[in-house]
Amino acid sequence: MKGKDHHVVCFGEILWDNLPTGRKPGGAPMNVAYHLKKLGINSILISRVGDDDNGEELIRFIKAKGLSIDFCQKDPDHVTSTVEVVIGDDQEVRYDIVAPVAWDYIALEKGLPELVSESDAFVFGSLATRNRTSYETLLSLLEKASCKVFDVNLRAPHFDVKKMGELLSKTDLLKLNIHELYLISGWFSTTCSTESDRISVLQNFFGIPEIVLTKGGSGASYYTQNAQCNYPAFKVEVNDTVGSGDSFLAAFLSKRIKGESIEGILNYASALGAFITTHSGACPEYKQYDLERFIWKNDLNSARHLIK
């Protein structure tokens, strides 16, 4: 990865999640940027809010968390995004995402290509494809990125198979969950019988060098063209799963850009993903020490179990 002073650029939606427990800031790109910042990586967010009270509150939140607001555009014609979040008895999360909103219109403003070209990683998701303006900006920035990280975030009906294929063909590191893997691999092959088969379909169709698969309570797996690494899930009492995948990706990248071993990377990423599920919302307040203590306690409990 690029240099001593690492920075990661996150592109896409920022919004208010209307949770059963109250309103919280959200959007996968912002969540990833938030957690990267918590883990000591300079993260920069490219997004757009409305010229309204909700937008002003989001900007204040972003600024208060130490994130730059320099590339958060203000839209005079479209409102700031809000999302109704429903959490089922199975802890599965469902979203009602209104369209169009301000982040559908992210413009290719001056300075963005240079910002992306100088980054260690450029993180983007599938929601940004639903409107032509943001999608064309995204395609332009992908041409400048040295490491393109596709954080799949499928929310029906806000995705298109053709656009997904175009983004997959440009991807260096793909992160998706098990449900997304089954859906996407099914678009390109009807003969898959195993997880590895489905991963191979994506690798063979699109030549993706690295794939990270999150599987909830079944842990996570990392694939290259020639190798696979599996890691178990941390056992926790779940509050909600909102943003856990985003925190996983942030922790993964925070170690990945420093060149650490894949086992160490997956341990750290799995720990933060689990730690966040013990809280409410995607961006709870915490310090690196809290995560390290969580890992230490889990290791200690595992050792006790082995002794028994």
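Computed from a predicted structure; not experimentally measured.
Judged purely by atom type and a 3.5 angstrom limit, Gln225 has no side-chain atom pairing as donor or acceptor with the backbone of Pro209. Formation of a donor-acceptor pair under 3.5 Å by the Glu13 side chain with backbone atoms of Leu127 is not found in this model. Of the possible polar contacts, none joining the Thr133 side chain to the Tyr105 backbone as a donor-acceptor pair under 3.5 Å is found. Although no hydrogens or angles enter the test, the distance criterion places a donor-acceptor pair under 3.5 Å between the side chain of Ser126 and the main chain of Asn153.
Applying the side chain to side chain donor-acceptor pair (under 3.5 Å) criterion to Asp290, with sequence neighbours excluded, gives no partner residue. Take Thr80 and apply the side chain to side chain donor-acceptor pair (under 3.5 Å) test, not counting sequence neighbours, and it matches Asp52. Looking at residues two or more places apart in sequence or on another chain, you find no side chain to side chain donor-acceptor pair (under 3.5 Å) involving Asp17. Lys148 is linked by a salt bridge (charged side-chain N to carboxylate O under 4.0 Å, His left out) to Asp172, counting only residues two or more places apart in sequence or in another chain. A search for salt bridge (charged side-chain N to carboxylate O under 4.0 Å, His left out) contacts involving Glu56 returns Lys74, not counting sequence neighbours.
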Show me the donor-acceptor pairs within less than 3.5 Å that the side chains of residues 242-255 make with the rest of the protein, sequence neighbours left out.
from: Ser244; atom 1: OG; to: Thr241; atom 2: O; distance (Å): 3.1
from: Asp246; atom 1: OD2; to: Asn31; atom 2: ND2; distance (Å): 2.8
from: Ser247; atom 1: OG; to: Ser244; atom 2: O; distance (Å): 2.8
from: Ser254; atom 1: OG; to: Ala251; atom 2: O; distance (Å): 2.8

Solution key, residues 161-169 side-chain donor-acceptor pairs under 3.5 Å, sequence neighbours excluded:
from: Lys163; atom 1: NZ; to: Thr129; atom 2: O; distance (Å): 2.8
from: Glu166; atom 1: OE1; to: Tyr135; atom 2: OH; distance (Å): 2.7
from: Ser169; atom 1: OG; to: Glu166; atom 2: O; distance (Å): 2.6

Show every donor-acceptor pair shorter than 3.5 Å between a side-chain atom in residues 266-275 and any protein atom, with sequence neighbours excluded, or say none if there are none.
from: Asn267; atom 1: OD1; to: Tyr231; atom 2: OH; distance (Å): 2.5
from: Ser270; atom 1: OG; to: Leu266; atom 2: O; distance (Å): 2.8

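Contact of the Leu174 side chain with the Tyr223 side chain is not registered, since no non-hydrogen atoms from C-beta on lie closer than 4.5 Å. Looking at heavy atoms from C-beta onward, Val79 lies out of side-chain contact with Asn54 at the 4.5 angstrom threshold. Contact check for Val9 versus Leu141: no side-chain heavy atoms found under the 4.5 Å cut-off. No side-chain heavy atom of Cys283 sits under 4.5 Å from any side-chain heavy atom of Lys38. Residues Ile178 and Leu181 form a side-chain contact, since some pair of their non-hydrogen atoms from C-beta on lies under 4.5 Å apart. Annotation: side chain of Ile46 is not in contact with side chain of Glu109 (no heavy-atom distance under 4.5 Å). Contact annotation: the side chain of Val32 never approaches that of Ser43 to less than 4.5 Å [non-hydrogen atoms, C-beta and beyond]. Taking the side chain as every heavy atom from C-beta outward, Leu45 and Cys72 approach each other to under 4.5 Å.
Note: Ile211 CD1 to Leu176 CG = 7.0 Å, rounded to the nearest 0.5 Å. Here the CG atom belonging to Asp151 is positioned 9.0 Å from the SG atom belonging to Cys10, to the nearest 0.5 angstrom. Atoms CZ and CD1, from Arg198 and Ile184 in turn, are 11.5 Å apart once rounded to the nearest 0.5 Å. Interatomic distance, Lys110 NZ to Leu115 CG, rounded to the nearest 0.5 Å: 14.0 Å. Here the CH2 atom belonging to Trp103 is positioned 12.5 Å from the CG atom belonging to Asp75, to the nearest 0.5 angstrom. For the atom pair CG (Leu108) and OG1 (Thr137), the distance works out to 5.5 Å, reported to the nearest 0.5 Å.
The stretch residues 10-67 participates, sequence neighbours left out, in these ring pair (Phe, Tyr, Trp, His ring centres under 6.0 Å) pairs: His35-Tyr286. Note on residues 57-72: pairs passing salt bridge (charged side-chain N to carboxylate O under 4.0 Å, His left out), not counting sequence neighbours, are Arg23-Glu57, Lys65-Glu285. Within the structure, salt bridge (charged side-chain N to carboxylate O under 4.0 Å, His left out) contacts touching residues 200-216 (residues at least two apart or in different chains) are Glu195-Lys215, Glu210-Arg256. Listed by first then second residue, pairs satisfying salt bridge (charged side-chain N to carboxylate O under 4.0 Å, His left out) with a partner in residues 126-142 read Asp104-Arg130, Arg132-Glu136, not counting sequence neighbours.
Taking the six-membered ring where tryptophan is involved, the planes of Phe188 and Phe206 are perpendicular, since the angle between them exceeds 60° and thus also 30°.
Asn230 and Ser221 are linked by a side-chain donor-acceptor pair at a separation below 3.5 angstrom, with hydrogens and angles left out of the test. For Ser134 and Asn131, the side-chain atoms include no donor-acceptor pair closer than 3.5 Å. Between Thr191 and Ser189, the side chains place a donor N or O and an acceptor N or O closer than 3.5 Å (distance only, hydrogens not considered).
For the pair Val101 and Ser81, the tightest heavy-atom approach, listed with the atom from each and the gap, is CG2-CB, 3.7 Å. Across all non-hydrogen atoms, the minimal contact from Pro76 to Arg48 is CD-NH2, 4.3 Å. Taking all atoms of both residues into account, the shortest heavy-atom contact from Leu291 to Leu39 is CD2-CD2, 4.1 Å. What you find for Val212 and Leu173 is that their closest heavy atoms are CG2-CD1, 3.7 Å. The nearest pair of heavy atoms linking Ile106 to Ser47 is CD1-CA, 3.9 Å. In plain terms, the two heavy atoms of Ile276 and Ala282 that are nearest each other are CG2-O, 4.1 Å.
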